J.: 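Okay, handing you the structure first.
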There are 2 protein chains.
Amino acid sequence: MTSSLHHRAIENLGTRIISGDLPAGHIMLAEKLEDELKVSRSVIREAVRVLQSLGLVETTKRVGIRVLPPNRWNPFDPQVIRWRLASKARGAQLRSLAELRSAVEPAAAELAAQNAPAPLRLELVDVAHAMRDAGHRGEVPRFLELDIQFHSLLLSGSGNEMFANLSGQVAETLTGRTVHGLMPDHPHEAALQWHVDVAEAIARGDASAAREASDKIMRRTMSQMSDTWTEQPRVFIPVHR
Amino acid sequence: MTSSLHHRAIENLGTRIISGDLPAGHIMLAEKLEDELKVSRSVIREAVRVLQSLGLVETTKRVGIRVLPPNRWNPFDPQVIRWRLASKARGAQLRSLAELRSAVEPAAAELAAQNAPAPLRLELVDVAHAMRDAGHRGEVPRFLELDIQFHSLLLSGSGNEMFANLSGQVAETLTGRTVHGLMPDHPHEAALQWHVDVAEAIARGDASAAREASDKIMRRTMSQMSDTWTEQPRVFIPVHR
DNA sequence: TGACACCGATGTGTGCAGACATCAAAACTC
DNA sequence: GAGTTTTGATGTCTGCACACATCGGTGTCA
């Protein structure tokens, strides 16, 4: 059902709004959209309703469908994130995700050490060791796969559904980093060991050691990436009062 | 337009799904819903489409509208959070938010010290001082208001739109804590000073001091609240593979 | 004469009703 | 049991009535 007319309409409009092709304040008329996308009113109306719930547009009688500015968009919605990653703001989005990740993962490691179910702890250790092996062998695709699995397990093991939900976004940042050639063929030796340290600390329930090791990974990751996106402009959203 | 039929239908169904009144796997028929809510098909369809984008339901031809399990819900959607806060899972939701906040705020403080615009830094210092005064005077409502403003400014000052977007949720946790009588009339003296420390560190651009002081606030907050929700069951979401 | 309040015309989203298309589950046939 | 048909739900389209924010014209008062 991913290519229903409804879905395609959402995709079309969402992409164009977030790319800036349809700028904030731009007003669309439902009738024009029907005409432009060659679909019926019901399809347009359902699509607009979804975009409205994402904060991308608002509707006003006698005016039309108004495109909202970026600070009204829901920055945590997976679709919005995906659209931003496909836009010129890709760099800024990746930075935001990396910052979020580096804040969350150490906390997740701490929680996982306290709460994760036993099987998950064991799997985490296995994956960490497999990562180290793959890293030594320079198996880049295999390493990426394990890396994603490791961090997904970690987030899931926290027992916080919000943390767990970030695994998809983390996978995106890891993949993006690899695809863009920011990863060396042989990952940093210390970083490999830190992953093992995180897993083993969680396995033995040592919360502060888990956080500490995770924090080291995150600080290294951030310092590695920071120079690539220093040119990305930051946006300061005024406090709602 | 918050009381449109469309909006009311979303509210009705969203509330019932998240409360567990409509359990995962439960199947609804559009026709039945029209009848039950006394609205037309278009209203139901638009509402279902929005719920679908939130991960609350999925539609299948020849079957109907199926309610999805909690691990499919988008845990970052403001509506979902609001509905969970109004449900029996309120405690678990507050804990999740508190954990997220305690992970994010120190990171936000660090970023704010590096990036926040000058006027925001000044305002942050003012608010921190006002907080200390209100705390000393035992002005609880005023203190809550300033507390919310302080943390909103902090998150906004990070220049990370995802962090900034959490201010609403943070306000919710702070308000919830006060309403439920978990706040003493006179806040802990050290905590008041830590707020001032955060603000002043940000004002002078001292990132690590800002993080450190913010981390102290978060650790104290978490340890204060931890005993109130130890009975909340944790949910471990299996890793998607 | 000019400023201002009122009020109706207009245009657009909102809601309704009914039709047909589509497609996958379920029943049926061989 | 494999292939085919039937069936029943969502998907899509269309015409209509209504609500209501905006705009512009009209009348009143200073």
Side-chain angles (χ1 to χ4, degrees), chain A residues 1-17 21-69 72-74 79, chain B residues 1-17 21-69 72-74 79:
Chain A
M1 212 64 62
T2 55
S3 69
S4 63
L5 294 181
H6 162 72
H7 189 271
R8 272 191 285 165
I10 291 180
E11 205 64 25
N12 181 312
L13 294 174
T15 305
R16 286 201 286 162
I17 290 171
D21 188 10
L22 298 172
H26 179 80
I27 287 178
M28 303 174 292
L29 272 45
E31 198 182 350
K32 298 282 182 189
L33 291 177
E34 296 174 36
D35 202 44
E36 185 185 326
L37 304 184
K38 308 291 188 205
V39 294
S40 69
R41 241 176 317 156
S42 53
V43 172
I44 292 296
R45 285 172 52 166
E46 289 163 24
V48 167
R49 279 281 146 83
V50 171
L51 296 175
Q52 193 177 28
S53 85
L54 302 182
L56 265 58
V57 303
E58 71 181 357
T59 60
T60 314
K61 278 180 178 168
R62 168 75 197 194
V63 174
I65 301 154
R66 197 196 327 267
V67 176
L68 293 175
R72 299 285 298 276
W73 304 345
N74 179 354
Q79 291 194 104
Chain B
M1 213 61 60
T2 54
S3 69
S4 63
L5 292 182
H6 162 71
H7 188 271
R8 272 191 283 167
I10 291 179
E11 205 64 26
N12 182 313
L13 293 174
T15 306
R16 285 201 285 162
I17 290 171
D21 188 9
L22 298 172
H26 179 81
I27 287 179
M28 305 175 290
L29 271 46
E31 199 183 352
K32 298 282 181 189
L33 290 177
E34 295 176 39
D35 201 44
E36 185 185 327
L37 303 185
K38 309 289 187 208
V39 294
S40 70
R41 184 133 178 250
S42 54
V43 172
I44 292 294
R45 290 185 52 77
E46 288 163 25
V48 167
R49 279 278 145 84
V50 171
L51 297 175
Q52 193 177 30
S53 86
L54 302 182
L56 266 57
V57 302
E58 71 181 357
T59 61
T60 315
K61 276 183 174 166
R62 169 82 195 192
V63 174
I65 302 154
R66 182 184 292 113
V67 176
L68 293 174
R72 299 284 298 276
W73 304 344
N74 179 355
Q79 291 193 103

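Computed from a prediction, not measured in an experiment: that's the story for all the values here. In what follows, every heavy atom counts, from backbone to side chain, and hydrogens, waters and symmetry copies are set aside. Order of the sequence lines fixes the chain letters, A, B, ..., with proteins taken first and strands second; residue numbering starts at 1 for each chain.
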J.: Would you mind reading off the distance between A:R66 atom CZ and D:dA21 atom P, rounded to a whole angstrom?
T.: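 Taking atom P of D:dA21 as the reference, CZ of A:R66 is at 13 Å.
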J.: When you measure from the side-chain N and O atoms of A:T59 to the phosphate of C:dT14, is any distance below 4.0 Å, counting only OP1 and OP2?
T.: yes
J.: Please tell me which of A:V63 and A:K38 maps to the more 5' nucleotide of DNA chain D, matching each residue to the nucleotide holding its nearest heavy atom.
T.: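 Going by which nucleotide is closer to the 5' end, it is A:K38.
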J.: Of the non-hydrogen atoms in A:G14 and A:L56, which two are nearest, and what is the gap between them?
T.: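 Shortest heavy-atom separation between A:G14 and A:L56 comes out as CA-CD2, 4.0 Å.
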J.: Send over the distance from B:H6 NE2 to C:dG13 C1', rounded to a whole Å.
T.: 12 Å
J.: What's the CD-C1' distance between A:E31 and C:dT14, to the nearest Å?
T.: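 That distance rounds to 15 Å.
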J.: Tell me the closest heavy-atom pair linking A:I65 and A:A30, and the distance in Å.
T.: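 Shortest heavy-atom separation between A:I65 and A:A30 comes out as CD1-N, 3.8 Å.
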J.: Take the protein atom CD1 of B:I27 and the nucleotide atom P of D:dG8, then report the distance between them rounded to whole Å.
T.: 16 Å
J.: Are OP1 or OP2 of C:dG15 and a side-chain N or O of B:S40 less than 4.0 angstrom apart?
T.: no
J.: Tell me: CG of A:D35 to P of C:dT12, nearest whole Å?
T.: 14 Å
J.: B:M28 and B:V57: which non-hydrogen atoms are nearest, and at how many Å?
T.: CE-CG1, 4.3 Å
J.: Answer yes or no: side-chain N or O of B:R45 and base N or O of D:dT10 forming a donor-acceptor pair under 3.5 Å.
T.: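 Side chain to base: no pair present.
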J.: Rounding to an integer number of Å, can you tell me how far A:E34 CD sits from C:dT12 C1'?
T.: 12 Å
J.: Without decimals, in angstroms, what is the distance between A:R8 CZ and D:dG11 P?
T.: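 Distance check: A:R8 CZ to D:dG11 P gives 14 Å.
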J.: Could you pull out the closest heavy-atom pair between B:W73 and B:L68, with the gap in Å?
T.: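 Of all heavy-atom pairs spanning B:W73 and B:L68, the closest is NE1-O, 3.1 Å.
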J.: Please give me the minimum heavy-atom distance between A:V50 and B:S53, naming the atom from each residue.
T.: CG1-CB, 3.8 Å
J.: Name the pairs: protein N/O against N/O of nucleotides 18-22 of chain C, kept only if under 3.5 Å.
T.:
from   : atom 1 : to    : atom 2 : distance (Å)
C:dA19 : N6     : B:R41 : NH1    : 3.2

J.: Starting at CZ of A:R62 and ending at C1' of D:dC20, how long is that distance when rounded to a whole Å?
T.: 10 Å
J.: Of the residues in residues 46-56 of chain A, which ones touch DNA chain C at a heavy-atom distance under 4.0 Å?
T.: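 Contacting residues: A:R49.
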